[in-house]
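Comments concern the structure below.
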Amino acid sequence: MKLNAPARLLGLLLSSAITTAGAQSPPADMTRLGAAPSVVVTGAVSQPMTLTLEAVRALPAQTVTLSSTAAGQPVQHSYTGALLSDVLKAAKPTFRPEIKNDALRYALLASGRDGYSALFSWGELDPGFGNRAVLIAYAQDGQPLDAVNGPLRLVVPGDGKAGRYVSTLSRLVLLRVGP
Ligand SMILES: Nc1nc2c(c(=O)[nH]1)N[C@H]1C(S)=C(S)[C@@H](COP(=O)(O)O)O[C@H]1N2
Ligand SMILES: [Mo]
């Protein structure tokens, strides 16, 4: 896939803080990196990566104020984080250029450290289609996310229930569905 300018910029921003999963000889400090809070981005991508909290904080930030329902109760918070679609593009999805709108066959499974998982379609995240500004958030109401929900959590503008606000985000797996 040919990256657009923002995606190339993102790659530059991320390059010091991400590691490529297939690297032959990891640097000696990988054990410390492994112990830090991080999100593995894997699956149908040509550049799997481990995204640290610092790398997410280094990306262009967006703040959104969202209302949702958690366990039947209305909740409203502001969240600050990086755009999920930017992070996914940096991992270079393996879209097949010869197939019409191949990207629209892709889905993303986001999981927390407890195994809790939720699915998104590429089409809903892509700015050219659904344009849902799903964030990988690190702050809520101006404060770092607490240990229960953070340090990284998805927030999903437009969702009524907070079921896809995946807490303790640890894994993003891109899936190509269908023939
Ligand atoms: N990792 C993880 N994230 C999760 C859940 C979970 O069980 N594990 N529950 C979801 C559900 S069903 C809801 S309603 C919200 C609750 O978020 P809150 O505790 O901040 O209100 O978190 C969502 N994110
Ligand atoms: Mo829920």
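Below, each value reflects all heavy atoms present in this structure, side chains not excepted, and no hydrogens, waters or symmetry copies. One-based numbering, in listed order, for ligands and for the atoms of each. Nothing here was measured: the structure is a model prediction, and the numbers come from that model.
Between the side chain of Arg105 and the backbone N or O of Pro179, at least one donor-acceptor pair lies under 3.5 Å. Under a 3.5 Å cut-off, the side chain of Thr168 and the backbone N or O of Gly150 do not form any donor-acceptor pair. One N or O on the side chain of Asp146 and one on the backbone of Asn149 form a donor-acceptor pair closer than 3.5 Å.
Looking at atom 21 (O) of ligand 1, its nearest protein heavy atom turns out to be Ala70 CB, 3.1 Å. Summary of contacts: the protein heavy atom closest to atom 7 (O) of ligand 1 is Tyr116 CD1, 3.4 Å. Among all non-hydrogen protein atoms, the one lying nearest atom 3 (N) of ligand 1 is Ser167 N, 3.0 Å. At the top of the distance list for atom 23 (C) of ligand 1, counting protein heavy atoms only, stands Ala162 O, 3.3 Å.
Remark: ligand 1 atoms within the under-4.0 Å shell around heavy atoms of Asp114 are 1 (N), 2 (C), 6 (C), 7 (O), 8 (N).
Contact annotation: Val75 has no heavy atom less than 4.0 Å from any atom of ligand 1.
The option with the heavy atom closest to atom 16 (C) of ligand 1, from among Arg153, Lys161, Arg164, is Arg153.
Under the side chain to side chain contact (heavy atoms under 4.5 Å, CB included) rule, Leu152 has a single partner from Leu135, Ile136, Leu51, which is Ile136.
Only the backbone of Tyr165 comes within contact range of ligand 1, with a heavy atom under 4.0 Å; no side-chain atom does.
A search for side-chain hydrogen bond (donor to acceptor under 3.5 Å, both in side chains) contacts involving Arg176 returns Asp102, not counting sequence neighbours. Residues satisfying the side-chain hydrogen bond (donor to acceptor under 3.5 Å, both in side chains) criterion with Asp126, sequence neighbours excluded, are Trp122.
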